[in-house]
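To find a chain, count down the sequence lines: A is the first, B the second, and so on, and within it residues start at 1. Everything numeric in this text was worked out from a predicted model, so none of it was measured.
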Protein chains: 2
Amino acid sequence: MILDKNSPIPQYFQLQTWLIEQIEQGVFKPNDKIPTEAEFVQLTELSRATIRQAVQNLVNMGYLERKKRLGTFVINRKIDSNKNTIVGILIPDIRSGYAPELARGAEDEAAKNKHSLILCNTDDLFTSAEFHANRLTDHHVSGVIFVPTAASDAKNRLIIEKFTRNDIPVVLADRTIPDLKVDHITTDNFQGAYTLTEYLIRKGHNKIAMILSTLFSTERERLRGYKQALTDHGIPVDESIILTDNSPFIEMRYLNYAKKLLKRPNDLTAIFAGHDRIALQFYLAANDLNIKIPDHISLVGYDDLHFNTISLTTMHQPIYEMGVESMKLILARIRGEKKEPQKIKLKSYLVERSSVKQVGT
Amino acid sequence: MILDKNSPIPQYFQLQTWLIEQIEQGVFKPNDKIPTEAEFVQLTELSRATIRQAVQNLVNMGYLERKKRLGTFVINRKIDSNKNTIVGILIPDIRSGYAPELARGAEDEAAKNKHSLILCNTDDLFTSAEFHANRLTDHHVSGVIFVPTAASDAKNRLIIEKFTRNDIPVVLADRTIPDLKVDHITTDNFQGAYTLTEYLIRKGHNKIAMILSTLFSTERERLRGYKQALTDHGIPVDESIILTDNSPFIEMRYLNYAKKLLKRPNDLTAIFAGHDRIALQFYLAANDLNIKIPDHISLVGYDDLHFNTISLTTMHQPIYEMGVESMKLILARIRGEKKEPQKIKLKSYLVERSSVKQVGT
DNA sequence: ATTGTATAATTGTATAGACAATTATACATA
DNA sequence: TATGTATAATTGTCTATACAATTATACAAT
C-alpha cells in the first residue's frame, strides 16, 4: 500500500485511486473480496471513516458492492453495465435506401438484450456526423454503429477517433475505411458484383455498362467484382461504358445519366447499376424514352430495395442481418471481449426477377 | 425539523427524506441556499458527520450542489436535465409507411436541441409496446412519443399509464385515443378525406368505393370525411361499396380485396384507398387484371409515400412536420411547461398526379 | 427434517472534535 | 487601475471511538 501522507491529494482519494487501479488491472477481479474495513485500517493506518469514504465512492461508481457480514466485493461491471446499455447508430438518412432495414436489425437485437438504440442521421455529411458524435459522447453511449459518411477517409477517421478517445467502441457498418483497427461488417460487394456480372454473361450479355458512384467503398468493390468477372470470362473491360460519379447521390443527376446512356447509339445489351436507386432512375428514364426493360435492354441493380411496382433483378443484401450482426459485435466489445478487430463479410444472393433477357444464342 | 430519535430509520436517512420533500414541494427552491452544516447541527442535534452523510447523498442524487465558502444549494434539475435529454419514440416499424419520415422529423428537432432519440418498433403489437415501455422506463427517458398500436384503446391506455406513473410525459402521434389527458398531434384526417372525396366528385365521380382498416382512428376519421363529403354533395352513402377490415395491414389480404373489387361487375368509377399502401395493392391488382388506372377506374390514396414508379393522386400528410412538432411538444412538457393537454391537427394537402380521370360531362 | 438460538464477522450508523482548503469580500498597496 | 493580502465563512478531510444491524454458520431443540 503506497499512500503518501504528505501529499496534498486527500488520503481517501489516494486509496480510491489505488483501488480502481487494482480493479482495472485485474489484481482484484470481479467477485473477489477486497480487504475488510478493519484490515484496511491496519494496512493504511487511516481511520475507518476514511476507508469508508473511499469505499463508498467506489460503491457509488459501481466498482464495489458491500455485503453485510461478508465484506466488500468487486462488481462484475461488464455484466452490470451490460444491462440497459445505450448504443448509437450513425446512418445517412433513416428515410432512404437500406437505412430503415439496418436500423431495424440493430434495434431488434438491442431490444432482445434490453439495450437501446439512439438514432442519428448524418446525411452522409462530415459536419453532421461530427455533431452527432459529440452528442453521443456527451450522452456517454456505450458503443456506436457507424456507417461512414461520403467524406474522405481521413475525416471519417476523425469521427472514429472522437469515439475511441472516449473509450467508446465503434463498429463500421456497410462501408469500410482502410487501415483502421476497428470491427467492421460489410457485405461481400466484390463477390456479389462478380456473381451478378457472371449472371449477365451467362445470359449472353457481353457489352455491359456499369454506372456507379465512386464515393463509397461498397461501390468501388462492386466495380472491382464487375471487372474481374469480365476479365475471367475473357471479355475486355471497356472503360468507355463505365460511368462513374463522385458526388453524393442525387436522383436528377442519375436520371440524366440514364437518359444519356439509353439514348446513346451503341451496342449495349445490359446495364449494371451501382445500386437499386440508380436502377430505378433507369426505369424512369426508359419509361420516358419508351424503351422497354428487359426487351430493349437488360438491367440489374444492387441492394434489393422494396420496389413494389418494378421487377428488378438485383443482389439481395442481408441488411437486416447486418444490423443484427453489428449490434452483436458492438455489444461484445462493450462487454469487453478483447479480440483482434473483426472483419465480417456477409454473403449477398441474387434475386432473379424480370429485368434481364437472354440474348444471343 | 421532525426527526424521530427512536425510529429504526437511520437519522441521516430521515434528514435526507425530509430534505427531498422540502425540495420537491418547493419549500427549498432551485438556487436556494439550504442551512449550513453548522446550522443543521443546531437544528437537528445530530453530529456534523451525520448531516454530511445526508447532504452528500442528495448531492450524489443531483438534488444539491456544494459550494465552498458559500454553502449548499438546490440544483435547478429542470434546466440541468434539459441538456442531453433522451426521448423515446414508439412507432410500428421503422421500415414501413411514414415511420422513417416521422422518426427523421423527431430526430432532427431533438438533435437541434442536443437531445437524443431512442427508437422502438412496436409492430403495432401491444406486447411489443409494453416491452419497450418497460425498457424506456428502465432507461429513465425524459419523454416518449407514442404512435398507439393496433390494440384496443384500453390496452394503449395501459402503455401510456405505465409512462405517466413514472412521471414520463407522453405525446401521442398520428393516432389518438379518446378521453385521455395527454398531448396529441394528428393530421386532420376528416378534412383531408373530405377534400379528397370532394375532388373526386368534382371530377364527375359519384360511385366511389372506399376500402380501409377500421383499426386506427386515422382511417375511421377518413371514413367520416368521405361520408360527409358525399352527403354534402347529395350523394347517398352506399355501405355496400365500403369495404372495411379490422385486422393489421397485410399486403396479401388487401391485394385480394383489390382483385375482388376490381373484378366485381359494378358501376364503380373511383376507389378511395384508406392509405397509400392499400392503393399500391390496387395498382398491382389492376396490373394483374389488365385494368388501366385511371383509364378504366380512378384511384386515390392517402399518405403520399414515395412511390417512384406510380403516379398516385393522394393526400400529402405533413409527417416530417408531425415528427418535429411532437418532439417540440414533448420537450416543452419535459421542461415542465404546464398547460392543458394540447390537441394539434396538422393540415394535409392534395397532391394531384395522374390516377384520377375526369368522367361524365 | 425442521425450527430455533447463539456466535462472530462484517458492514451500518452515529458522535465529538480538529485542522485544511477554498474563496467571496474588503481592504491595502503599487 | 490593477494586484496583492488578510479575514472569515463554509465545506473538505481525517481521527478515534462506540454501538447497532445483518447474516452465514454451527449447533441445539423439537
Side-chain angles (χ1 to χ4, degrees), chain A residues 1-20 22-23 28 30-76 80, chain B residues 1-20 22-23 28 30-75:
Chain A
M1 186 92 15
I2 332 108
L3 294 187
D4 182 351
K5 290 277 178 192
N6 301 315
S7 160
I9 299 163
Q11 305 292 300
Y12 83 93
F13 195 83
Q14 291 186 41
L15 176 56
Q16 166 179 332
T17 310
W18 179 83
L19 266 167
I20 291 177
Q22 303 303 302
I23 292 170
F28 293 136
N31 302 321
D32 273 6
K33 183 180 178 225
I34 65 167
T36 66
E37 296 175 359
E39 284 166 341
F40 267 125
V41 168
Q42 292 211 322
L43 282 164
T44 60
E45 298 181 328
L46 298 171
S47 73
R48 189 167 155 236
T50 306
I51 307 292
R52 276 185 71 76
Q53 188 174 4
V55 170
Q56 185 59 50
N57 284 343
L58 291 229
V59 169
N60 291 339
M61 290 158 84
Y63 281 99
L64 298 177
E65 179 185 21
R66 288 183 153 127
K67 290 185 185 169
K68 283 170 199 167
R69 146 75 230 225
L70 293 180
T72 303
F73 298 82
V74 177
I75 283 181
N76 193 338
D80 193 66
Chain B
M1 185 94 14
I2 331 110
L3 294 187
D4 184 349
K5 290 276 179 195
N6 302 315
S7 161
I9 299 164
Q11 305 292 301
Y12 83 93
F13 195 83
Q14 291 186 42
L15 175 56
Q16 166 179 333
T17 310
W18 179 84
L19 266 168
I20 292 177
Q22 302 304 301
I23 292 169
F28 293 135
N31 302 320
D32 272 7
K33 181 178 180 234
I34 65 166
T36 66
E37 295 175 358
E39 282 166 343
F40 266 126
V41 168
Q42 292 212 322
L43 280 165
T44 59
E45 298 182 328
L46 297 172
S47 71
R48 190 168 153 235
T50 306
I51 307 291
R52 277 185 72 77
Q53 188 174 3
V55 170
Q56 185 58 50
N57 283 344
L58 291 229
V59 169
N60 292 338
M61 291 158 85
Y63 280 100
L64 298 177
E65 179 185 20
R66 287 184 154 129
K67 291 184 185 169
K68 282 169 199 166
R69 146 76 230 228
L70 293 179
T72 305
F73 298 82
V74 178
I75 284 180

Participant: In the structure I gave you, are the side-chain heavy atoms of B:Gln14 and B:Asp4 within less than 4.5 Å of one another anywhere?
Facilitator: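 B:Gln14 reaches B:Asp4 side chain to side chain.
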Participant: Whole angstroms only, please: what is the CD1-P distance between A:Ile9 and D:dC14?
Facilitator: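 Atom-to-atom, A:Ile9 to D:dC14, this comes out as 11 Å.
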Participant: Can you check the B:Glu65 CD to D:dG12 P distance for me, whole Å?
Facilitator: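 Atom-to-atom, B:Glu65 to D:dG12, this comes out as 11 Å.
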Participant: With a sphere of 6.0 Å drawn around CD of B:Glu39, does it hold more than 12 non-hydrogen atoms of other residues, nucleotides or ligands?
Facilitator: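 Enclosed: over 12 neighbouring heavy atoms sit under 6.0 Å from CD of B:Glu39.
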Participant: Which nucleotide wins on minimum distance to the side chain of B:Thr72, given the candidates C:dT15, C:dT11, D:dT11?
Facilitator: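 Among the listed nucleotides, the one closest to the side chain of B:Thr72 is D:dT11.
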Participant: Out of D:dA16, D:dG12, D:dA24, which has the shortest distance to the side chain of A:Ala49?
Facilitator: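 Looking only at heavy atoms from C-beta outward on A:Ala49, the closest nucleotide is D:dA16.
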Participant: So what does A:Tyr12 hit on the nucleic acid, given a heavy-atom distance under 4.0 Å: a base, only sugar-phosphate, or nothing?
Facilitator: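 Here A:Tyr12 touches the backbone only, sparing every base.
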Participant: Taking A:Glu37's backbone N and O only, do any of them form a donor-acceptor pair with A:Gln42's side chain (distance below 3.5 Å, no angle check)?
Facilitator: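 Such a contact is absent between A:Gln42 side chain and A:Glu37 backbone.
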Participant: Closest-nucleotide mapping onto DNA chain D: is A:Pro10 or A:Leu70 further toward the 5' terminus? I mean the 5' end.
Facilitator: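 Looking at the nearest nucleotide for each, A:Pro10 comes out on the 5' side.
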Participant: Both distances below 3.5 Å, Watson-Crick or wobble geometry, any strand: find the nucleotide opposite C:dG17.
Facilitator: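 Because both required distances fall under 3.5 Å, C:dG17 counts as paired with D:dC14.
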Participant: Can you tell me the distance, in whole Å, between the CG atom of B:Asn60 and the P atom of D:dG12?
Facilitator: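 In whole Å, D:dG12 P and B:Asn60 CG are 11 Å from each other.
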Participant: Of the nucleotides D:dT10, D:dT15, D:dG12, which one has an atom closest to the side chain of B:Arg52?
Facilitator: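 Of D:dT10, D:dT15, D:dG12, D:dG12 is nearest to the side chain of B:Arg52.
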Participant: Provide, to the nearest angstrom, the distance between the CD1 atom belonging to B:Ile34 and the C1' atom belonging to D:dT10.
Facilitator: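 It works out to 12 Å between those atoms.
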Participant: Just do the side-chain contact (heavy atoms from CB on, under 4.5 Å) check on B:Thr36 and B:Thr72 with the steps written out, would you?
Facilitator: CA-CA 7 Å; B:Thr36 66; B:Thr72 305; over 6 Å; no
Participant: Any N or O donor-acceptor pair under 3.5 Å from the base of D:dG12 to the side chain of B:Arg69?
Facilitator: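 Flag unset: no donor-acceptor pair detected.
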Participant: What is the distance from CD of B:Glu45 to C1' of C:dA16, rounded to the nearest Å?
Facilitator: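 My rounded result for the distance is 15 Å.
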Participant: Return no unless some side-chain N or O of A:Thr50 is found under 4.0 Å from OP1 or OP2 of D:dT15.
Facilitator: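 For D:dT15, OP1/OP2 do have a side-chain N/O of A:Thr50 under 4.0 Å.
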Participant: Within the pair A:Arg66 and C:dT10, is there a side-chain N or O less than 4.0 Å away from OP1 or OP2?
Facilitator: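 Answer no for this pair, as no side-chain N or O of A:Arg66 is under 4.0 Å from OP1 or OP2.
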Participant: B:Glu37 CD to C:dA14 P: how many Å, rounded?
Facilitator: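 It is 16 Å, rounded to the nearest whole Å.
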Participant: D:dG12 C1' sits how many Å from A:Asn57 CG, rounded?
Facilitator: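 Answer to the nearest Å: 13 Å.
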Participant: With both distances under 3.5 Å as the test, what is the Watson-Crick or G-U wobble partner of D:dT30?
Facilitator: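 Partner of D:dT30: C:dA1.
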Participant: Both B:Gln53 and B:Arg48 contact DNA chain C. Taking the nearest nucleotide for each, which residue is further toward the 5' end?
Facilitator: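 The 5'-side residue here is B:Gln53.
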Participant: Hey, does the side chain of A:Ser47 come within less than 4.0 Å of D:dT17's phosphate (OP1/OP2), counting only N and O?
Facilitator: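 For D:dT17, neither OP1 nor OP2 has a side-chain N or O of A:Ser47 closer than 4.0 Å.
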Participant: Please examine the side chains of B:Gln56 and B:Arg66, heavy atoms only from C-beta on, and report whether any two atoms are closer than 4.5 Å.
Facilitator: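 With C-beta onward as the side chain, the pair touches.
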Participant: Side chain of A:Lys33 only, heavy atoms from C-beta on: which candidate in C:dT10, D:dT11, D:dT15 is closest?
Facilitator: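 The listed nucleotide nearest to A:Lys33's side chain is C:dT10.
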